[in-house]
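In what follows, a single structure is set out as structure tokens and then discussed.
For the single chain, residues carry numbers from 1 onward in sequence order. Since we're looking at a predicted model, the values are computed, not measured.
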Amino acid sequence: MKKILIANRGEIARRVMRTCRAMGIHTVAVFSEPDRRALFVDEADEAVAIGGATPAESYLRADAILEAASQTGADGIHPGYGFLSENAAFAAACAAAGIQFVGPPAEAIAAMGSKIEAKRRMQAAGVPVLASVNVSGQSAAELERQVEPLGLPLLIKASAGGGGRGMRIVRSRGELAAALDAARRESKSAFGDDTVFIEPYVEAPRHVEVQIFGDAHGNVVHLFERECSIQRRHQKIVEESPSPALNDELRARMGEAAVQAGKAIGYQNAGTVEFLLKADSQFFFLEVNTRLQVEHPVTEAITGLDLVRLQIEVARGAPLSAAARNATINGHAIEVRLYAEDPRREFMPVTGMLDRFEFPAWSDARVDSGIQTGSEVSPFYDPLLAKVIVHAPTRAEAAARLAETLARAQIHGLRTNRELLVRLLEHPEFLAGQTDTHFLERHAPVELGRPLGDAAATRLHAVAAALAMQARNRQAAPVLARIPSGWRNNPAGLQSVTFDADGEEIVVEYRLQHETAMARVGGEEISARVDECTAERVALEVGGVRRGFEVQLTGDRVYVDSALGCSEFAVRPRFSRPDEATAAGSLVAPLPGVVSEVKVAVGDEVAPGQVLLVIESMKMLHPIAAPVGGRVSELRVQAASQVQAGVVLAVIDEAND
């Protein structure tokens, strides 16, 4: 292979390109319209447009991707993860076109692509599995009869995909029908296949997976495990290796079971065997991911191996290297997934422009990302902004360094899960290695996701924001630019600015004279020596302690970062605009996306909590429910309508008792 087309986007496309460049291999990117100006497109040697905005119109179009390979003369295709990476028909089509698929053979993908078939094969190979029921072709009565022995709770899972999509927990028989319908629709949207199955839901297990690698010469090895227990919506957000739950004996047993699974299907290339691990050290097969995993960097960190290079070497027909066959564990690595989402609003995805996206220069963390300052996060794809990985001699040091890197990163313009990740890495339960898949059920995301700074930090940040704003005003002043804004003959006069900090009103009254600032915030008096004051940076000495505050002024937003944490302020206008009012009873879109289903019509009577519409955003389905009971008087969207956050979807005339 001299030229590889990456049939993917974002950070994984950039990751594959990095290894290709190191190996002297030319690269081709394919891109959708929203990705036309994305980093991965610019970094590829060549790039080909393949369609519209949604995955179905672009990255799931095997014909367009193969045409792009033909057009550019690519002799290899790396699928990354997601999209077509576990599509056996696509792997077979590559082979038929004379293009090397950098992944397992189509037969192995087909064998494991259906989780139902995978479980059957693993059971035959002697790998421990949970009992399950295939939903396909079953009547409601027959399905009730078959799931009875499984007990409660139950877990509905998509057979064709992963990442938590097409998955629902059922805790009562009455929930089964609705949960099945939702899981099927989500699976169809994400993977193009609505096949689902049901198995017992194991309460609070650990999620431990084993990296395997096979070659065309019959070798299959494991490269140790990754702990992936901390999840939201059944999707991993923290991964680490080695797992704090495994001793040498259990590691050997799980590794051998993973190798056994790979040999049972003649596995080649990179794969991951996922297990549920119970507190009593029993483990059960979940699935085989026949591709590179999102969390592969932690394995690279502890083994020193480049897994993408290994993939390419194996695809070229080479046997596994001695380094891969004799890998050892060195130190500890932790990866977190930084998402554009709001943990305090049930992890609602967030879209829009990133005004700043920078990590501290002193950090040696590995940051795998597909975006940069100025990038726009669209509603069409996964909300992953970056994977941040730290490798250290010990687990405690890795957690501390990763938490500090995240806390000091400057991420402006979009709400993220950064605060939650920092608190999680510093949580006593995590540091003790006692996590499981219910961690975020025991510890409220609303609390973990609150701003990192305390009230005192917020007050200081508000003062710094106000001073930076006045510095900007003076820079823009046509005359007397060196005089502080709001200067008066009466030195007792105070300037004031009102901020909104996540719904809380903060009034800053201040006076700046020479190198001294006197301020009043929330009834507290603050006296500070001002060592530096520009629109970008303020340095204040308060109570004998000097601190620097990095400031970004963007429109009516002010972002302040310091060692105390980070704050975002919206400048409140002095007067409200009458055209900003929303009619009573309006139901607004909480996020941008596409209306996938409208369940009501104008004139319908609805009850509080009744689902009126479903919005698809970032490959997830979000039901929109009526906040009050009443009659639908307006319906401003229809199925397939594209909507922005904050637009009115419907209006309900509230019922009067």
Side-chain angles (χ1 to χ4, degrees), residues 53-63 79 81-92 106 109-121 130-147 150 153-170 173-201 233-235 274 286-291 379-382 593-599 611 613-624 639-640:
T54 67
E57 296 169 323
S58 52
Y59 299 107
L60 291 174
R61 290 186 58 203
D63 58 337
Y81 53 73
F83 297 129
L84 294 171
S85 63
E86 296 181 279
N87 187 303
F90 179 61
I109 298 175
M112 296 295 102
S114 163
K115 292 186 177 64
I116 295 171
E117 174 63 14
K119 291 185 70 168
R120 187 191 66 79
R121 287 198 176 212
L130 289 168
S132 62
V133 171
N134 184 356
V135 173
S136 301
Q138 304 284 358
S139 67
E142 178 64 16
L143 188 59
E144 286 283 353
R145 186 186 67 79
Q146 290 199 36
V147 300
L150 302 183
L154 299 170
L155 183 63
I156 302 170
K157 297 177 70 173
S159 180
R165 297 179 181 90
M167 187 178 291
R168 294 291 186 278
I169 300 171
V170 176
R173 299 295 182 201
E175 300 173 5
L176 184 58
L180 273 172
D181 180 60
R184 282 169 166 156
R185 285 189 288 110
E186 194 167 271
S187 178
K188 182 70 174 178
S189 173
F191 314 116
D193 184 342
D194 65 357
T195 304
V196 298
F197 66 97
I198 303 173
E199 65 184 17
Y201 178 63
R233 291 200 297 263
H234 308 291
Q235 192 169 43
E274 301 199 355
L286 272 178
E287 60 185 346
V288 175
N289 289 305
T290 54
R291 54 170 167 80
F380 301 108
Y381 312 112
D382 189 278
V594 177
V595 178
S596 65
E597 188 177 4
V598 177
K599 294 177 171 287
V611 175
L613 311 100
V614 179
I615 293 179
E616 181 177 351
S617 182
M618 294 181 169
K619 300 196 288 187
M620 297 291 289
L621 297 176
H622 303 272
I624 310 300

Discussion item. Counting C-beta onward and ignoring hydrogens, is there a side-chain heavy-atom pair between Ile198 and Leu176 closer than 4.5 Å?
Written reply: yes
Worksheet, complete the sentence: Closest heavy-atom pair, Asp382 versus Arg165, reported as atoms and distance to 0.1 Å, is OD2-NH2, 2.7 Å
Worksheet item: Only one of Tyr381, Phe380, Tyr81 forms a ring pair (Phe, Tyr, Trp, His ring centres under 6.0 Å) with Tyr59, so which one is it?
Response: Tyr381
Discussion item. If you define the side chain from C-beta out and look only at heavy atoms, does anything of Lys119 sit under 4.5 Å from Asn134?
Written reply: no
Response to the item:
Scanning both residues in full, the closest heavy-atom pair of Ser58 with Thr54 reads OG-O, 2.8 Å
Worksheet entry | Minimum side-chain heavy-atom gap His622-Ser617 below 4.5 Å | yes
Response to the item:
d(Leu155 CG, Phe197 CZ) to nearest 0.5 Å is 7.5 Å
Fill in: Where Ile169 and Pro153 come nearest, the two heavy atoms and their spacing
CG2-CB, 4.4 Å
Worksheet item: Is there side-chain contact between Ser596 and Leu621, with at least one heavy-atom pair below 4.5 Å?
Response: yes
Worksheet item: Is a donor on one side and an acceptor on the other found under 3.5 Å between the side chain of Glu186 and the backbone of Ala182?
Response: no
Discussion item. Are Glu175 and Leu154 packed together at the side-chain level, in the sense that at least one heavy-atom pair is separated by less than 4.5 angstrom?
Written reply: no
Practice prompt. Search all heavy atoms of Glu199 against all heavy atoms of Ser132 and return the closest pair with its distance.
Written response: CB-CB, 4.0 Å
Worksheet entry | Considering all heavy atoms, the nearest Ala158-Ser187 contact | CB-OG, 3.4 Å
Worksheet item: Can Lys157 and Glu287 be counted as an ion pair, charged N to O under 4.0 angstrom?
Response: no
Worksheet item: Is it true that the side chains of Glu142 and Ser139 contain a donor and an acceptor less than 3.5 Å apart?
Response: no
Discussion item. Any non-hydrogen side-chain atom of Lys599 less than 4.5 Å from a side-chain atom of Val614?
Written reply: yes
Worksheet entry | Within-4.5 Å side-chain heavy-atom neighbours: Val135 and Arg184 | yes
Worksheet item: Is the shortest heavy-atom distance from the side chain of Pro55 to the side chain of Leu60 under 4.5 Å?
Response: yes
Fill in: From CD1 (Ile109) to OG1 (Thr290), nearest 0.5 Å
5.0 Å
Fill in: Heavy-atom pair with the smallest gap, counting every atom of Asn289 and Glu86
CA-OE2, 3.3 Å
